[in-house]
Amino acid sequence: MNRKSFFILFFLLLTASLSHADSPTKVACIGNSITYGIGTENPQVESYPAQLQQLLGCDYLVGNFGKPGATLLNHGHRPYMKQPEFQKAMEFAGDIAVIHLGINDTDPRNWPNYRDEFVRDYLALIDSCRKANPHCRILICRLTPISHRHPRFESGTRDWHRDIQQAIETISRVANVQLIDLHQALYAYPLFFPDGLHPNPEGAGILAHTVYSAITGDFGGLHLPQTFTDYMVLQRNRPLTIEGTANAGEKVTVCIDGQQHTATTGYNGKWSVTLHPIKAGNNYELTVSTHKQKQTFHHVAAGEVWLCSGQSNMEFQLSQAITADKDIPKADNTDIRLYHLKGKWATDNRAWEVSALDSVNHLLYYQPTQWKPCTPQQVAGFSAVAYYFGKMIQDSLNVPVGLICNAVGGSPTEAWIDRSTLEFQFPAILRDWTQNDFIQDWVRERALTNLQKKTDKLQRHPYEPCYLYETGIQTLEQYPIKGVIWYQGESNAHNMEAHEKLFSLLVQSWRRNWQSPELPFYFVQLSSLNRPSWPWFRDSQRQLMQQIPHTGMAVSSDKGDSLDVHPRDKRPIGERLAHWALHKEYGFSNLLPSGPLFKSAQVEGKQVVVDFLYGKGLQPSNGKEIIGFDIAETDGLYYPAKATIQGERIILHSPQVKTPHFIRYGWQPFTRANLMNAEGLPASTFREEIF
């Protein structure tokens with residue numbers, strides 16, 4: 001809807017209100033069982049139209065004309081326009097009509113046969129409302145979500161639901177009517193749909209508030225993302241989109257560094273401006289204002305912004321690191337800024353108190369936070385890996401660096417992926433997540449222990465698929481970043497095949513979130529630990545780096561601990577991630593981004609010649625001999641191989657192997673393999689077949 005049409009709608013509403021000064025504005029809620037209130041115990045009080053009436057007050061009269069099972073399609077199995085509720089709605093002749101139909105059209109009796117009639121039939125319903133009241137203001141709704149728990153979800157409902165959403169958007173444009181997004185309002189709250197389809201009273205309350213704002217234009221005034229605070233860091237040297245919400249029709253002005261940009265809020269309460277690139281600096285002032293409100297942010301910096309995420313090894317605090325006593329006192333640098341998203345309760349192996357469980361039902365897992373300059377006090381509880389990464393970036397570039405840490409101990413990959421991606425690409429992982437085989441036993445047991453005192457079966461846990469995306473990552477979507485560093489995998493190492501799919505989906509999901517298809521994504525390969533699946537998992541991570549563009553992998557196997565999943569020597573890990581960023585993103589071409597990575601191997605007689613990427617200056621880390629290589633014939637029975645350095649190659653030989661066919665390096669859960677390059681960066685463990 002264009003700006004002119006938007007103001008025409010509000011003019012019509014105002015005119016209608018003035019012409020009926022002595023009578024309330026009538027709102028007709030037209031729909032199916034969701035409008036009627038199925039899913040609530042008392043629809044007369046708890047349905048969304050009933051709650052909408054409470055919000056709008058006595059100046060409005062809300063009529064509930066929901067028909068359970070109704071279809072929009074006139075050839076559907078229960079056409080709304082042939083039901084008594086339709087006739088009553090027309091007799092009501094609302095000044096405003098809110099239409100939410102289409103959910104039941106996902107039935108296989110309907111959409112597959114009559115999809116070509118949907119737009120025409122919807123326009124006919126809109127015309128009927130206008131005939132009943134020529135001044136009627138029409139609002140149509142994007143469909144509420146259908147959960148993966150719905151029995152027909154994968155057999156068609158999921159896909160047809162998506163098709164119908166697109167058709168409704170077309171209808172809004174063709175009919176020039178306002179569109180309300182009920183799907184976005186409820187999509188992150190599957191717990192509010194106990195049967196996978198009908199919202200409970202809490203879900204109906206969200207619908208009511210969403211419709212209320214759409215009708216009145218009241219979106220609670222000026223709001224910006226939670227990442228906007230004093231000492232924030234904006235990404236330098238690129239156009240920056242600043243977005244937020246305000247009441248409909250309000251003019252929003254954004255000022256920084258001599259720039260002034262304005263936008264008018266749409267009927268959906270959203271506004272957006274794009275700033276010209278800002279040069280690196282550390283003391284800007286940003287103001288965002290409407291005619292009634294003004295927000296000012298002081299000490300704003302422009303520099304490089306990185307998101308640092310994953311599970312406990314990214315969460316691991318600097319105060320716990322082996323070099324903490326030396327590094328914390330020196331960590332006083334206002335050009336490094338920290339934004340720390342901390343969970344409200346730890347995901348360790350204990351039952352949460354009932355008071356904590358009250359928050360699990362909602363997207364409120366993280367504590368309120370704000371940007372802080374790096375000081376010894378602030379950084380002690382911050383991620384060690386993130387700090388060492390940021391320090392090397394800041395030292396190398398001499399510009400402000402912003403680090404956003406969002407890491408949760410024990411969290412599996414699937415918790416960090418958006419719901420739509422999993423629904424369409426990996427729906428099996430959503431079903432009975434605490435019981436299915438995708439989740440590792442200790443992760444399952446910890447989650448069940450945390451929720452041991454729960455009183456509501458719908459209470460959520462941070463390990464639940466999608467939850468950390470919805471409560472953490474999605475809240476960052478309006479905040480521009482340079483790239484991501486990631487340290488996670490321990491909770492998925494039992495099933496590398498599932499992780500291979502999940503990790504690829506994770507990167508895709510986040511790149512869509514930031515609308516950046518080439519968003520740099522640098523991750524840590526798991527360290528050494530006495531867990532049998534880890535050699536295979538580490539090699540799977542190496543191959544994922546080769547398969548997914550704009551990624552890089554920091555090797556950590558040389559810094560592992562055979563008994564501790566949390567090795568304490570974090571400085572090299574953060575700096576190895578920084579090597580990737582500096583080489584790939586900041587033009588430090590002379591700086592090797594990685595230790596030696598397997599490139600190719602060929603058999604020459606009884607020897608194997610191995611070539612590496614980033615193999616300049618190959619050497620053993622102990623200055624003696626290279627250890628860790630094995631070779632095998634086609635039977636796959638491996639024998640230790642003697643390794644000889646020849647320039648940037650390794651020559652392997654074993655007297656027990658006459659015709660080499662397989663090669664591996666560092667192939668133990670806890671390995672002491674010791675190959676590195678001239679930068680002192682270790683080689684990745686690997687396994688390859690020689691062709």
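Nothing here was measured: the structure is a model prediction, and the numbers come from that model.
Formation of a donor-acceptor pair under 3.5 Å by the S533 side chain with backbone atoms of A493 is found in this model. Checking side-chain atoms of N406 against main-chain N and O of L341 turns up no donor-acceptor pair under 3.5 Å. Looking only at distances, a side-chain donor or acceptor of K501 sits under 3.5 Å from a matching main-chain atom of Q425. Of the possible donor and acceptor atoms, none in the side chain of T241 sits under 3.5 Å from a partner among the backbone N and O of T274. Side-chain atoms of Q543 never come within 3.5 Å of backbone atoms of S540 as a donor-acceptor pair (strictly under, hydrogens ignored). Of the possible donor and acceptor atoms, one in the side chain of Q235 sits under 3.5 Å from a partner among the backbone N and O of V305. Between the side chain of W306 and the backbone N or O of I485 there is no donor-acceptor pair closer than 3.5 Å. In this structure a side-chain-to-backbone donor-acceptor pair under 3.5 Å is present from Q440 to E490. The closest donor-acceptor contact from the side chain of R568 to the backbone of Q320 lies under 3.5 Å. Between the side chain of T685 and the main chain of Y665, no donor-acceptor pair closer than 3.5 Å is present.
Between the side chains of N513 and Y469, a donor-acceptor pair is found at a separation under 3.5 Å. Judged by distance alone, the side chains of T671 and Q668 do bring a donor and an acceptor atom under 3.5 Å apart. Between the side chains of N313 and H566, no donor N or O sits under 3.5 Å from an acceptor N or O. For N333 and K391, the side-chain atoms include no donor-acceptor pair closer than 3.5 Å. Under 3.5 Å, the side chains of T375 and D332 contain no donor-acceptor pair of N or O atoms. Judged purely by distance below 3.5 Å, without hydrogens or angles, the side chains of N283 and H299 pair a donor atom with an acceptor atom. Using modelled atom types, one finds a donor on one side chain and an acceptor on the other under 3.5 Å when comparing T421 with R512. A side-chain donor from one of E604 and Q602 sits under 3.5 Å from a side-chain acceptor of the other. Between the side chains of S654 and Q656, at least one donor N or O sits under 3.5 Å from an acceptor N or O. Residues W416 and S309 have side chains that never bring a donor and an acceptor to within less than 3.5 angstrom of each other. Between the side chains of R571 and T323, no donor N or O sits under 3.5 Å from an acceptor N or O. Between the side chains of S684 and Q525, at least one donor N or O sits under 3.5 Å from an acceptor N or O. Defined by atom type and a distance below 3.5 Å, a donor-acceptor pair is missing between the side-chain atoms of H579 and E679. Defined by atom type and a distance below 3.5 Å, a donor-acceptor pair is present between the side-chain atoms of Q311 and Q488. Side-chain atoms of Q508 and S504 form a donor-acceptor pair, as typed in the model, at a separation below 3.5 Å.
Residue-environment remark: CG (D395) exceeds the threshold of 12 foreign heavy atoms within 6.0 Å. In the displayed structure, Y231 atom OH is contacted under 6.0 Å by at most 12 heavy atoms of other residues, nucleotides or ligands. The number of heavy-atom neighbours closer than 6.0 Å to CD of E689, taken from other residues, nucleotides and ligands shown, is above 12. Crowding of E497 atom CD: a count of heavy atoms from other residues, nucleotides or ligands under 6.0 Å exceeding 12. The local environment of CZ in R531 is crowded, with over 12 non-hydrogen atoms from other residues, nucleotides or ligands closer than 6.0 Å.
For R664 and E688, the salt-bridge test fails: no basic side-chain N is under 4.0 Å from an acidic carboxylate O. For the pair D558 and R576, the salt-bridge criterion is met [side-chain N within less than 4.0 Å of a carboxylate O].
Residues L468 and I473 are not in side-chain contact: their nearest non-hydrogen atoms beyond the backbone lie 4.5 Å or more apart. In this structure the side chain of K642 never reaches within 4.5 angstrom of the side chain of L652, judged on heavy atoms. Counting only heavy atoms from C-beta outward, the side chains of P329 and P376 never approach each other to under 4.5 Å. In this structure, F503 and W486 have side chains that are in contact, with non-hydrogen atoms separated by less than 4.5 Å.
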Set out, in order, the CA-CA distance, both residues' side-chain angles and the distance that settles ring-ring contact (aromatic ring centres under 6.0 Å, His included) for W345 and Y365, then state yes or no. CA-CA 8 Å; W345 52 94; Y365 176 65; 5.1 Å; yes
List the steps, then state whether salt bridge (charged side-chain N to carboxylate O under 4.0 Å, His left out) holds for E470 with R419. CA-CA 8 Å; E470 291 167 341; R419 186 168 300 278; 2.7 Å; yes
Decide salt bridge (charged side-chain N to carboxylate O under 4.0 Å, His left out) for D437 and R444; before the verdict, give the C-alpha distance in whole Å, the side-chain angles of both, and the deciding distance to 0.1 Å. CA-CA 10 Å; D437 291 334; R444 179 197 342 271; 5.4 Å; no
Report the C-alpha distance between L675 and F612 in whole Å, list the side-chain angles of each, state the deciding distance to 0.1 Å, and finish with yes or no for side-chain contact (heavy atoms from CB on, under 4.5 Å). CA-CA 11 Å; L675 180 64; F612 292 90; 3.9 Å; yes
Just do the side-chain contact (heavy atoms from CB on, under 4.5 Å) check on K342 and T369 with the steps written out, would you? CA-CA 8 Å; K342 297 180 184 178; T369 190; over 6 Å; no
Before you tell me yes or no, could you show the steps for K559 and D569 under salt bridge (charged side-chain N to carboxylate O under 4.0 Å, His left out), namely the whole-Å CA-CA distance, both residues' side-chain angles and the distance that decides it to 0.1 Å? CA-CA 7 Å; K559 297 298 179 182; D569 195 1; 3.4 Å; yes
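For the ring pair (Phe, Tyr, Trp, His ring centres under 6.0 Å) with F438, the lone residue among F426, Y463, W433 that qualifies is F426.
Ring pair H550/F521: centre-to-centre distance not below 6.0 Å. Ring centers of W667 and W534: at least 6.0 Å apart, outside the cut-off. Here F382 and Y387 keep their ring centres 6.0 angstrom or further from each other. The ring of F389 has its center no closer than 6.0 angstrom to the ring center of Y522.
From L397, atom CG reaches atom CG of L582 across 6.0 Å, with rounding to the nearest 0.5 Å. The CE atom of M232 sits 12.5 Å away from the NE2 atom of H298 when rounded to the nearest 0.5 Å. In this structure, CE on M314 lies 10.5 Å from CD1 on I573, to the nearest 0.5 angstrom. Atom CD of E304 sits about 12.5 Å away from atom CG of D335, to the nearest 0.5 Å. W536 contributes atom CH2, which lies 6.0 Å from atom CE of M496 (distance to the nearest 0.5 angstrom). With values rounded to the nearest 0.5 angstrom, I256 atom CD1 is found 12.5 Å from H276 atom NE2.
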Donor-acceptor pairs under 3.5 angstrom involving side-chain atoms of residues 614-623: please list them, not counting sequence neighbours.
residue	atom	partner	partner atom	Å
Q619	NE2	G617	O	3.2
S621	OG	N674	O	3.4
N622	OD1	K624	N	2.9
N622	OD1	N674	ND2	3.2

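Below 30°, between 30° and 60°, or above 60°: for F537 and H499 the angle between ring planes is between 30° and 60°, a tilted geometry.
Taking the ring centre of Y339 as origin, the terminal cationic atom of K372 falls outside the region bounded by 6.0 Å and 45° from the ring axis. Geometrically, K344 does not engage Y366 in a cation-pi contact, judged by NZ or CZ lying under 6.0 Å from the ring centre and within 45° of the ring axis.
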